[in-house]
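What you see is a predicted model; the values in this text were computed from it and never measured. Just so it is clear: chains get the letters A, B, ... in the order the sequence lines come, proteins before strands, and each one is counted from 1.
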Protein chains: 2
Amino acid sequence: MANPIKKPTMTKDSLFPLLAAYVLAEGLGQASLRPLAKAAGTSDRMLLYHFGSKEALIDDLLGFIARTYASTLDAALAGERPVTRGQVVARILKHARSDAAQPFTSLWWEIVAGAARGEESYRAAAQAMMDVLLGWLEGQMPTADPDPEGGARYLLTLIEGTLMLAAIGHEDTAHEGLLASGLLPS
Amino acid sequence: MANPIKKPTMTKDSLFPLLAAYVLAEGLGQASLRPLAKAAGTSDRMLLYHFGSKEALIDDLLGFIARTYASTLDAALAGERPVTRGQVVARILKHARSDAAQPFTSLWWEIVAGAARGEESYRAAAQAMMDVLLGWLEGQMPTADPDPEGGARYLLTLIEGTLMLAAIGHEDTAHEGLLASGLLPS
DNA sequence: GGCAAGGTGTAGCGATTGCTACAAGAGCCG
DNA sequence: CGGCTCTTGTAGCAATCGCTACACCTTGCC
């Protein structure tokens with residue numbers, strides 16, 4: 001019943017950044033307990049002690065990553081409000097293609113795949129991250145935009161399609177599609 | 001040096017449909033040799049005999065699935081040529097959301113995730129399937145369309161973004177995005 | 001018939017998986 | 001001090017992984 005009797009040298013919160021770094025670098029497919037533990041400087045035994053099971057660990061970790069995503073976005077996408085929808089799209093795409101965002105982009109498609117397979121925590125994490133991005137888009141829509149809410153959703157759809165095509169090596173197709181959309185200056 | 005000395009009761013080509021059915025139902029993550037063999041009515045031993053290694057098996061199987069995708073699309077999407085771009089989008093989305101296409105849609109995101117991680121055969125399969133879809137789109141663009149090639153790429157991007165959002169439970173967002181695009185009748 | 005070669009089953013190997021049993025250290029409260 | 005709970009390490013288990021060694025059977029050719 002009593003709470004903290006001993007100072008733990010290692011808590012969930014201190015583990016999350018290291019675990020997330022490993023998963024971002026190696027992918028969820030490589031996220032077995034022993035490699036994860038090694039990356040976090042602990043043992044599989046302790047990971048299970050803290051999280052109860054691997055499934056719970058992944059759930060928590062996806063939540064952490066989704067939360068981290070929000071602050072990362074804010075920090076990376078600061079700047080004055082764009083004037084056109086095309087500038088909004090260009091800013092997002094430039095960020096998504098940056099080296100800093102690359103590990104996250106790889107992980108993103110694994111999360112989508114898990115969500116598509118019905119894994120609930122994957123779906124929750126994916127939804128949370130899309131909510132963040134959608135919120136950012138809504139806040140960045142040009143002040144003169146006739147339909148900021150619908151426009152943000154339209155741009156989100158287009159952006160995610162672009163990123164998917166880029167992920168499979170169809171970036172040219174995506175680029176030509178964006179040109180044809182009239183959003184980007186030719 | 002000589003070729004077929006004995007009639008094999010089981011060839012690669014006779015295995016592909018059963019293997020593909022298993023992967024479509026269970027996902028690539030569950031595609032271990034023994035379950036695959038069981039689904040195909042053979043043994044892990046024989047799968048390795050035919051394909052050499054699991055990696056080669058998956059490579060071949062992804063190729064088969066990509067090839068199958070083409071004929072499936074043709075069969076499912078027959079019909080008279082649409083008059084508007086919106087009708088093209090609506091037809092694809094209706095098909096993608098059908099029960100028949102659901103297993104494939106789940107598998108699709110696993111393939112994308114593999115491609116994003118740099119797996120070459122995943123990327124090849126994903127590119128092949130997008131080529132097929134793009135080709136179909138180009139052939140279905142309205143005859144009066146001012147820019148069929150660019151328009152097809154634009155629609156492809158929008159469609160894939162919509163499917164991704166739907167896969168993670170953001171179908172409402174995608175639908176509102178499509179409405180705001182002006183392609184669909186409200 | 002004999003022989004070589006392709007095809008197939010059985011058994012198993014070493015590695016890795018998630019997880020657990022057991023014991024021991026560390027700090028608090030009485 | 002004595003005990004109590006929290007924390008941690010060591011070992012190990014049953015299952016599964018991809019893959020292989022070995023033996024056997026069939027089949028076609030000479």
Side-chain angles (χ1 to χ4, degrees), chain A residues 1-20 22-23 25-63 110 113-114 117-122, chain B residues 1-20 22-23 25-63 110 113-114 117-122:
Chain A
M1 298 304 168
N3 262 5
I5 298 200
K6 178 189 177 181
K7 47 172 178 180
T9 69
M10 189 165 276
T11 73
K12 280 190 181 188
D13 289 329
S14 75
L15 289 172
F16 278 141
L18 293 164
L19 295 174
Y22 176 83
V23 163
E26 305 295 333
L28 281 163
Q30 307 304 318
S32 312
L33 286 178
R34 269 163 268 237
L36 279 172
K38 188 175 177 184
T42 178
S43 65
D44 57 330
R45 170 70 182 70
M46 287 315 296
L47 290 183
L48 289 171
Y49 175 74
H50 284 301
F51 295 96
S53 71
K54 183 196 173 183
E55 189 184 353
L57 188 160
I58 298 295
D59 287 4
D60 274 18
L61 185 54
L62 287 178
E110 284 189 276
R117 283 266 162 226
E119 302 272 345
E120 202 40 56
S121 54
Y122 286 67
Chain B
M1 298 302 169
N3 260 5
I5 298 198
K6 177 186 177 182
K7 47 174 179 180
T9 68
M10 189 166 277
T11 73
K12 282 189 179 186
D13 289 328
S14 75
L15 290 172
F16 279 142
L18 294 164
L19 295 174
Y22 176 82
V23 163
E26 304 295 334
L28 280 163
Q30 307 303 317
S32 313
L33 287 178
R34 269 164 267 238
L36 280 171
K38 188 175 177 184
T42 177
S43 65
D44 56 330
R45 171 69 182 71
M46 287 315 295
L47 290 183
L48 289 171
Y49 176 74
H50 283 302
F51 295 95
S53 71
K54 183 195 173 183
E55 189 184 354
L57 188 161
I58 298 295
D59 287 4
D60 275 17
L61 185 55
L62 288 177
E110 286 189 274
R117 283 266 162 227
E119 303 272 347
E120 202 40 55
S121 54
Y122 287 67

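When the ring pair (Phe, Tyr, Trp, His ring centres under 6.0 Å) test is applied to A:F16, the partners found at least two apart in sequence or on another chain are A:F51, A:F64. A search for side chain to side chain contact (heavy atoms under 4.5 Å, CB included) contacts involving B:E120 returns B:R123, not counting sequence neighbours. Residues satisfying the side chain to side chain contact (heavy atoms under 4.5 Å, CB included) criterion with B:R34, sequence neighbours excluded, are B:D44. With sequence neighbours excluded, the residues forming a side chain to side chain contact (heavy atoms under 4.5 Å, CB included) with B:E119 are B:Y122, listed by chain and number.
Closest approach of A:S43 and A:A37 over heavy atoms only: C-CB, 3.2 Å. Heavy atoms only, all atoms of each residue included: A:L48 and A:S53 are closest at CD2-CA, 3.7 Å.
Comparing atom distances between the A:S32 side chain and each of D:dC19, C:dT17, C:dG9 picks out C:dT17 as nearest. Distance from the side chain of A:Y49 is smallest for D:dT7 among the nucleotides D:dC19, C:dT8, D:dT7. Checking D:dC17, C:dG9, D:dT7 against the side-chain heavy atoms of A:M46 singles out D:dT7 as nearest. The side chain of B:R45 approaches C:dT8 more closely than any other nucleotide in the set D:dG9, C:dT8, C:dT17. Nearest nucleotide to the B:R34 side chain, out of D:dG18, C:dA21, C:dC19: D:dG18. Considering only side-chain atoms of B:L33, the nucleotide from C:dG18, D:dG9, D:dG18 that sits closest is D:dG18.
Between the C1' atom of D:dT7 and the NZ atom of A:K12 lies a distance of 15 Å, rounded to the nearest Å. What separates NZ of A:K38 from P of C:dT16 is a distance of 10 Å, to the nearest Å. B:D44 has its CG atom 11 Å from the C1' atom of C:dT10, to the nearest Å. Straight-line distance from the NZ atom of B:K54 to the P atom of D:dG18: 4 Å, rounded to whole Å. Protein atom CD1 of A:I58 is 11 Å distant from nucleotide atom P of C:dC19, rounded to whole Å. Going from atom CZ of B:F51 over to atom C1' of D:dG18 covers 15 Å, rounded to whole Å. One interatomic measurement links the two molecules: CG of B:L48 to C1' of C:dG7, which rounds to 14 Å at whole-angstrom precision.
Counting only residues at least two apart or in different chains, salt bridge (Lys or Arg N to Asp or Glu O under 4.0 Å) contacts with residues 45-59 of chain A are absent.
Comparing the axis of the opening five pairs of the helix from C:dG1-D:dC30 to C:dG30-D:dC1 with that of the closing five pairs yields an angle of 20°, rounded to 10°.
Among the protein residues, A:T42 comes within range of no part of the nucleic acid, since none of its heavy atoms lies under 4.0 Å from any strand.
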